[in-house]
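Here's the structure, in structure tokens; my notes come after.
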Amino acid sequence: MHESFTVAGLTLQNRVLVASGTFGYGDEVPQLVDVNKLGGIVTKSLSMKPRDGNPAPRIAETPSGMLNSIGLANIGVKKFIEEKIPKLSTFSCAVIANIAASSVEEYCGVLEKLDPFEAIAGFEINVSCPNVKEGGLSFGTDKEKVALITKELRRRTKKPLMIKLTPNVTHISEFALAAESEGADAVSVINTIIGMAIDIRTRKTKLSTVTGGLSGPAIKPIALAKVYEVYRAVKIPVIGIGGITSWEDAVEFLLAGASAVQVGTYNFVVPSAGVTIAEGIKSFCEQQSISDVGKLVGAVEAKRDLSVIESWL
Amino acid sequence: MHESFTVAGLTLQNRVLVASGTFGYGDEVPQLVDVNKLGGIVTKSLSMKPRDGNPAPRIAETPSGMLNSIGLANIGVKKFIEEKIPKLSTFSCAVIANIAASSVEEYCGVLEKLDPFEAIAGFEINVSCPNVKEGGLSFGTDKEKVALITKELRRRTKKPLMIKLTPNVTHISEFALAAESEGADAVSVINTIIGMAIDIRTRKTKLSTVTGGLSGPAIKPIALAKVYEVYRAVKIPVIGIGGITSWEDAVEFLLAGASAVQVGTYNFVVPSAGVTIAEGIKSFCEQQSISDVGKLVGAVEAKRDLSVIESWL
Amino acid sequence: MVQTHAPVHSVEEIASGIFRLVFRSHELAATAQPGQFVNVKVNDSLFPLLRRPFSIFFVEGDLVSILFNVIGEGTRILVGKKPGDVIDVIGPLGNGFSAAMNSGGYKTAVIVAGGLGIAPFPFFLSKLEKNKNVLSFIGARTANQIVRFGFNRIHIATDDGSEGFSGNVVDLLAEHFSDHRYELPRIFSCGPTRMLKRLSEFTQKKNIACYASLECAMACGIGLCQGCPVETINGKKKYALVCREGPVFETGAVFL
Amino acid sequence: MVQTHAPVHSVEEIASGIFRLVFRSHELAATAQPGQFVNVKVNDSLFPLLRRPFSIFFVEGDLVSILFNVIGEGTRILVGKKPGDVIDVIGPLGNGFSAAMNSGGYKTAVIVAGGLGIAPFPFFLSKLEKNKNVLSFIGARTANQIVRFGFNRIHIATDDGSEGFSGNVVDLLAEHFSDHRYELPRIFSCGPTRMLKRLSEFTQKKNIACYASLECAMACGIGLCQGCPVETINGKKKYALVCREGPVFETGAVFL
Ligand SMILES: Cc1cc2nc3c(=O)[nH]c(=O)nc-3n(C[C@H](O)[C@H](O)[C@H](O)COP(=O)(O)OP(=O)(O)OC[C@H]3O[C@@H](n4cnc5c(N)ncnc54)[C@H](O)[C@@H]3O)c2cc1C
Ligand SMILES: Cc1cc2nc3c(=O)[nH]c(=O)nc-3n(C[C@H](O)[C@H](O)[C@H](O)COP(=O)(O)OP(=O)(O)OC[C@H]3O[C@@H](n4cnc5c(N)ncnc54)[C@H](O)[C@@H]3O)c2cc1C
Ligand SMILES: Cc1cc2nc3c(=O)[nH]c(=O)nc-3n(C[C@H](O)[C@H](O)[C@H](O)COP(=O)(O)O)c2cc1C
Ligand SMILES: Cc1cc2nc3c(=O)[nH]c(=O)nc-3n(C[C@H](O)[C@H](O)[C@H](O)COP(=O)(O)O)c2cc1C
Ligand code: FES
Ligand code: FES
């Protein structure tokens, strides 16, 4: 079976990437994973200045999931260019730079700094960031802002541009459409879901920031529904993310409409999960005589064609 | 410790109720649960006419959760009055009638039929229903509709009126405020979250309706964040629902701001869970010398007072 | 109906990949009827979350047994149980074969079972009135997956032809019914839906009463969730609940 | 650093409620340093989802052991492991005591451990240069929770006074330091944060170098998630990562 393919202008050797914030800058665990067997790496979100991140505790486990409030801790774009790009240039898998920012100008600034580097195959834009100018409300819950960010970034790069959407909205497909209409090459679906946990003995929240982002297998059904909703709304490819731990999960996302997937939280449990999942998809296709994995994309047989929001109660 | 208390005009003997759709009409499993030890029972959603519900499959298990698309199967308000109310009248715990409808008129009609019965201590309104007049879009994602339903029902009953909110919106507190401003006595938070699962062998969705509602421990962190958001926005009591399986979970909800809780999915696993949880809360309070469970409500020590949406990334 | 924490007595592989788990419960053993099921919480964790339904395979004294193969997380955990481990069981549940097996009007009980569908029948046979003729048709993928426990006079069909009739158990049944005459037969069945569908067509054509135990996804097993509908044919209601009104139905009364 | 599926050799209760789990791993045993930890997936299910970090308690041949008490789901599952069961372990992880224990400038190694905080020290002691003086202060809730394995010359403090000094292990240490003179002491510590805080205050006042192994919530244990910050004092960065830069820090360098 021929695995390498092009999605949103990116050439990937398989359909499994590792998600932003769950694999560092790709150089943390060479002993445990052969990154060159991945479809690609998405870096930790990069901002213009280094960010310290939030105080401890930043992590809490929940049933089949986890909460985090890392606070976008990252080394900043300058140090990334100096220290990480040389290393990343040696990887044969695609490297996608994820960008986070607190203003439209910052998004543009970070992208412009990174755009010249050949090692960066494309960009994923994390819009689940507080918009400092507007009182900290997330860009990602404001359609106009998502459109504006996409538009401004599109003007500044010819490389593949993917907008990573937040699930914490009523109709995610409207945000996907906004990104598509301003020239995004793909949308990544989904970022984490707002959640919370409390230590009943101390009565304190388990995260220093009170609420945080829920990820892991617990959210897989939600992520799948969002991917399906977006897939039916837009023509650009959808990258499926949320709770993937096995090749079976990945195939579910492909069937729901994802052209590729990203593994996030499960990297913390099994750092080589992405490689195993890519291999599993390959074996499955061979076994089922599927010549092109792409044939799985969106191939779910939805028994009834009810719309997503209203069908279920 | 003195447990009985009044919330939203309801007198309950403890703070644990069983959630709508997860305990039938309260008369299914007398062998397994002493319902009179519960704080209360919320009935399956009742509509004017009996509803058959959706085709099979209606159920799919997910990591620490489940999806359902029952389709509001219920016996209809007439049969409920004839066959169930006589039995429910003999219960010493509170019985709350949950109402579902596809038009504002139907909500009003069902409530008017039930209002005269003493056995019905109050109403919970399921607004996660397709609005037939407006192309099946859920009432629950339209603030004006939630306000209108509340207003119309408020005019028709003096009994406690609780609006059960859907989590599938960007800012749930806006919906809680809408209900509060039109005279709701409480809000129930949350109903199920839209989700999906696919059988990769058959390529069919695991539910006949494609998407369905996710419930169970997987959604607990999301539900807690929603309860916390709503608690800080409104003055009326919040009833916490979502993934509760233990008294520890229930206490988490109380601390986040719930005045009482409902146990849903876990009734399917342990039908007497509600009773055990009520007992557990009581022992915990005794052990910690908390004279009034009410002192736990909203008592979480949020380390920083960041607003819910923007704090976490 | 009780919820009980029952000690496991034994787990053994009684055919290739097919396991029998025996647990001790006086209340369950005393009240169970053939074709009823139990709903088992396989561990005390939140994953897997829901109980798993299993037909009651056999009852002997206070020992109740179930039969299963390892499909997913739940059965993988069950197969690892050791004597003395405790499982949380709700049962007996549902309407089994009792009404159909104990009512008059038939002389020959014909059992048609496919794969794990043999599960309810050893208990069924142990409770069947001794004056009935019994005839069993068992279908399996291959010879070493046939469970013989509790049966006699078995007619076997295997998909790979490694034992008995090569092919489908319903075809084997049809062959027998065209070759022989059975006195007032009534069919009791359990197996994959596809098999039950074909069986139902056959028995309707032949006008033989046929009862089958159905399977479907269940969340509660006790009528709380409305999660287990089967569409009725000419029923008062559009759907019946498999867990409460079934799992045994007359095959002509439901859409399979 | 490796990820390995290691067979469990034994699980035994070595003090009241405190268990030692021994597993076999050549690679781990060969490379582990005192104060490093391993990250254990307790089962192959999605609940609990994350690995659990444990200090390396002892290494002997190819056998590596960890020490724990049953707190929640993860340790409840670990305690049920039987010889031959396999656990999925990543390790050895983090920066342990090596740098501090192997650098010169001290003659007396003073161990201060509270509760399960004794975990890294038997391995530490087995690797310590023989020419050092060793002095161990161990705090426990009560006498039967004291783990003596690998230690000698122990000074004990118990909260309930059931053995040794009645009270906090740091108070016991302070008493000893006011009564005796120790030649070039250096403190190595592990225990509850509250204890480490008091210890840090004491050692700063006395101007004794003090190293402690910290605990905090971790998602990955290997530097992927940024989930384990500890705030540095006068550090170049505001936070250090406990899993990579620690778990051992000089107590004066971090906010406890
Ligand atoms: C009334 C009733 C009686 C039953 N009696 C028996 C019995 O005696 N012996 C026995 O082995 N099984 C029986 N079953 C089915 C049994 O409950 C399932 O095999 C079991 O739940 C599988 O659990 P698991 O956790 O191992 O697999 P899961 O992880 O739940 O499922 C693994 C895969 O199998 C599929 N699956 C799950 N449940 C079923 C099902 N019921 N039918 C078809 N596919 C399914 C899932 O979609 C999934 O793809 C019965 C079911 C019902 C409703
Ligand atoms: C570097 C490092 C080394 C460690 N070494 C050891 C060791 O040698 N022996 C040992 O017993 N434990 C050690 N721990 C702690 C150990 O990882 C936890 O005790 C274990 O995760 C508990 O898991 P559980 O699933 O049983 O409990 P959980 O279900 O995870 O937790 C139960 C309760 O304990 C709390 N809790 C969980 N983890 C911790 C923690 N790390 N500190 C304080 N409270 C916690 C939770 O908030 C929860 O309320 C170490 C931790 C770290 C970071
Ligand atoms: C600890 C942690 C840190 C994350 N950091 C980022 C980030 O910096 N930028 C980003 O776009 N997404 C971030 N994410 C979100 C993930 O990339 C992914 O979208 C999400 O976790 C859902 O996938 P999963 O369930 O497989 O983890 C982070 C997730 C986790 C768990
Ligand atoms: C099978 C099932 C049926 C449900 N039916 C209803 C219903 O009829 N009306 C309603 O308001 N909520 C219904 N719910 C939602 C629950 O009442 C509850 O809000 C939700 O399941 C979250 O709680 P849980 O995680 O404890 O289950 C249903 C939930 C399930 C799982
Ligand atoms: S399984 Fe819940 S009603 Fe049948
Ligand atoms: S635990 Fe993940 S970086 Fe330390």
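Throughout, protein chains are lettered first and strands after them, A, B, ... in sequence-line order, and every chain is numbered starting at 1. What you see is a predicted model; the values in this text were computed from it and never measured.
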Item checked: A:Ile70 side, atom CD1; A:Thr209 side, atom OG1 - distance, nearest 0.5 Å -> 9.5 Å

Margin query: Whether A:Arg203 and B:Glu301 form a salt bridge (side-chain N of Lys/Arg under 4.0 Å from carboxylate O of Asp/Glu) is what I want to check.
Written below: no

Next item on the list: Tell me, for A:Phe253 versus chain B, whether the close heavy atoms (under 4.5 Å) come from the side chain, the backbone, both or neither.
Entry: neither

Next item on the list: Indicate yes or no: at least one non-hydrogen side-chain atom of B:Ser47 is less than 4.5 angstrom from one of B:Glu106.
Entry: yes

Note to self: Checking B:Lys220 against B:Glu252 for the salt bridge (charged side-chain N to carboxylate O under 4.0 Å, His left out) test, could you report, in this order, the C-alpha distance in whole Å, the side-chain angles of both residues, the deciding distance, and whether it holds?
What the structure shows: CA-CA 10 Å; B:Lys220 194 186 71 168; B:Glu252 254 187 288; 2.8 Å; yes

Check: What part of B:Leu296 is in contact with chain A, defined as an atom under 4.5 angstrom from a non-hydrogen atom: side chain, backbone, both or neither?
Finding: side chain

Next item on the list: Counting only heavy atoms closer than 4.5 Å, note whether B:Ile222 contacts chain A via side chain, backbone, both or neither.
Entry: both

Notebook entry, point to check: Side-chain donor-acceptor pair under 3.5 Å between B:Asn98 and B:Thr43, yes or no?
Noted result: no

Item checked: Partner chain A: residue of B:Ala60, B:Pro167, B:Pro63, B:Pro217 with the largest heavy-atom pair count (under 4.5 Å) -> B:Pro63

Item checked: Contact winner vs chain B - A:Ile200, A:Val169, A:Leu224, heavy-atom pairs under 4.5 Å -> A:Ile200

Next item on the list: Look at B:Leu255, B:Thr62, B:Leu254, B:Val227 and state which one has the largest set of heavy-atom pairs under 4.5 Å with chain A.
Entry: B:Leu255

